[in-house]
Participant: 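Below you will find the structure I want to go over with you.
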Amino acid sequence: MIYRYIKTINNNAIVASDKNKHEVVIMGKAIGVKCNRILGARIDNELIERVFVSNNNQNYVEAIIEKIPYNMFKVVELVIKQAEQDLNTKFKG
């Protein structure tokens, strides 16, 4: 299968499109760093460990985010704040 780069979620996950232009989430070790991050660039199949495909018409990333409990967002927010203090830096937000 051929996938084309759309955007990076984190070091290990990206959003891409398949041959039918449907959004998918692709996971792989350091794929967000190792892939060619130019919009529409082909994703190297060697980097792909898992592909998540939505079974509805909604944007897949939004569908995933909707399933994450709110308290998990709060935990992540606390971790980021603590990391900013410990590392004396500011993360993009």
Participant: Mind checking whether Ile2 and Lys19 have side chains closer than 4.5 Å, heavy atoms only?
Facilitator: no
Participant: If you measure from the Lys or Arg side-chain nitrogens to the Asp or Glu carboxylate oxygens, is any gap between Lys74 and Glu77 under 4.0 Å?
Facilitator: yes
Participant: First locate atom CD1 of Ile14, then atom NZ of Lys34, and finally report the distance between them rounded to the nearest 0.5 Å.
Facilitator: 13.0 Å
Participant: Taking atom CG as the centre, does Asn88 end up with more than 12 heavy-atom neighbours from other residues, nucleotides or ligands that are less than 6.0 angstrom away?
Facilitator: no
Participant: Using 0.5 Å steps for rounding, measure from the CG atom of Asp86 to the NZ atom of Lys81.
Facilitator: 14.0 Å
Participant: Answer yes or no: does atom CE of Met72 have more than 12 heavy-atom neighbours from other residues, nucleotides or ligands under 6.0 Å?
Facilitator: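 12 or below, so no.
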Participant: Using the rule that Ile, Leu, Val, Met, Phe, Trp and Tyr join whenever any side-chain heavy atoms are under 4.5 Å apart, tell me whether Leu47 and Val53 fall into a single cluster.
Facilitator: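 Leu47 clusters together with Val53.
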Participant: Is Ile80 reachable from Leu78 through a run of I, L, V, M, F, W or Y residues, each pair having side-chain heavy atoms under 4.5 Å apart?
Facilitator: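 Leu78 and Ile80: separate clusters.
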Participant: Answer yes or no: is there a donor N or O on one side and an acceptor on the other, between the side chain of Asp18 and the main chain of Tyr3, under 3.5 Å?
Facilitator: no
Participant: Please check: side-chain N/O of Glu49 versus main-chain N/O of Lys29, any donor-acceptor pairing under 3.5 Å?
Facilitator: yes
Participant: Applying side-chain hydrogen bond (donor to acceptor under 3.5 Å, both in side chains), name anything that partners Thr8, two or more places apart in sequence or on another chain.
Facilitator: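 Partners of Thr8 under the side-chain hydrogen bond (donor to acceptor under 3.5 Å, both in side chains) test: Tyr5.
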Participant: Would you mind reporting whether Ile31 and Ile43 have side-chain heavy atoms less than 4.5 Å apart?
Facilitator: yes
Participant: What heavy-atom pair brings Ile26 and Ala16 nearest, and what distance separates the two atoms?
Facilitator: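 So the minimum-distance heavy-atom pair works out to CD1-CB, 3.7 Å.
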Participant: Roughly how far apart are Leu39 CG and Arg4 CZ, rounded to 0.5 Å?
Facilitator: 11.0 Å
